[in-house]
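Remarks on the structure that follows.
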Amino acid sequence: MAKRTVQRKSEPPFDASHLVNAATAKLRAYDPGHDLPALRSRFGAAIAELGSNENPLGPSPRALKAMRAALAEALRYPDPRGSALKRALAAHLDVDVARIALGNGSHELLMLLAQCFADAKHSIVFSQFGFAVFPIATTASGARAIRVPALPRSHRSAPLGHDLDAMARSIRANTCIVYLANPNNPTGTWFDDAALAAFLDKVPREVLVVVDEAYHEYVDAPGLTTAMGVAGRHPNLVVTRTFSKAYGMAGLRVGYLVAHPDVVGMLERLRESFNVNNVALEGAAAALADKPWLAKARAFNRAEREWLRGELLERGYRCLPSQTNFLLCVLPRDAARLERHLFERGVIVRPMGGYGLPRALRISVGSRAENRRLLKALP
Ligand SMILES: *Cc1c(COP(=O)(O)O)cnc(C)c1O
């Protein structure tokens, strides 16, 4: 990685790369792609933000009301245990409160898992084209990454998806975590409950299997429900979820995981005491209670995604099958020019070069107006 020394006029030169620890030396700062606040002022209402898989319907009105009320309590630290939200989740999921941990987004929990359970002696298994946080969490912990080649593009049900058989075979004696995303971002692909059950039967109990279900609330494929259904049989199973996607609360930063109480206990040792703020805690609990709003978000996304896929296909753009709120479109050529073309017209999509998919663009399902803006902007 290129060494860079930050130097401003009033500051003497200083090179922190000699001081940084070995794991951080291998990482790079998050690249947000574009300066979104600047783009919002440039394009105003004419922007179409289809780069981050947000829910265009936003939070439930009940969540908004609860959050406005919570602002009045902003002088107080939030509940460090998040007890009310945990109780609401426990009832919602029919699990014991002791099996739940809360995070400042599920991103934090994915990182915390590696920090707690992995170090330089270990290896961590994840898939090629798996969620971007998996390799970051691995590197930050000092563990060795075992990146398993994805299924081929020609695969019938999960092109570029997780190859669970190959992943099970790549587990080594020092492997401590396997990260799976189901459905996966950025491919949108998934595996069904039976495939997960067969995978878990092959994994030693000493290996934590983390199933990231960030898009769980959107799924409706036959045979696909949730990894939580087999949690009782597999104490090494960890399931992460988020309020950032179907619940429309990405800006609030709240996620959760369900795991064996002993695993939760270890995470609690390292978790920042006040990691979830009081507005997010109140908003998430109220959002859970508003089932009709979630049903509306699901129905809207499903109809809009399939409409958008059809419109894109008519224009010659092929998209992978998706159980999420985005489509991965694979072009016949490098996608950088198309991304630039759309960007110049205020349509923000996510290029996939960083994932090793230079011919692909990830397009979130936006509002009908945003999706139309995208179609209109296509060359
Ligand atoms: C969006 C996303 C997350 C959610 O991250 P938060 O930190 O909860 O906002 C987690 N995993 C995957 C696969 C995602 O796409």
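All ligand and atom numbering here is 1-based and tracks the order in the structure.
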Tabulate below the donor-acceptor pairs under 3.5 Å that side-chain atoms of residues 106-114 make, not counting sequence neighbours, or state none.
{"residue": "Glu108", "atom": "OE1", "partner": "Asn104", "partner atom": "N", "Å": "2.6"}
{"residue": "Glu108", "atom": "OE1", "partner": "Asn275", "partner atom": "ND2", "Å": "2.9"}

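Within 4.0 Å of ligand 1, the residues that place a heavy atom are Gly105, Ser106, His107, Phe131, Asn185, Asp212, Ala214, Tyr215, Thr242, Ser244, Lys245, Arg253, listed by chain and number.
With sequence neighbours excluded, the residues satisfying side chain to side chain contact (heavy atoms under 4.5 Å, CB included) with Leu294 are Glu217, Ala246, Tyr247. Every residue meeting the ring-ring contact (aromatic ring centres under 6.0 Å, His included) condition with Phe343, not counting sequence neighbours, appears here in chain and number order: His34.
Across all their heavy atoms, Asp290 and Arg62 have their closest contact at OD2-CD, 3.6 Å.
Of the listed residues (Thr226, Thr240, Asn182), just one forms a side chain to side chain donor-acceptor pair (under 3.5 Å) with Glu213, and that residue is Thr226.
Salt bridge status for Glu306 with Arg309: present, with a side-chain N to carboxylate O gap under 4.0 Å.
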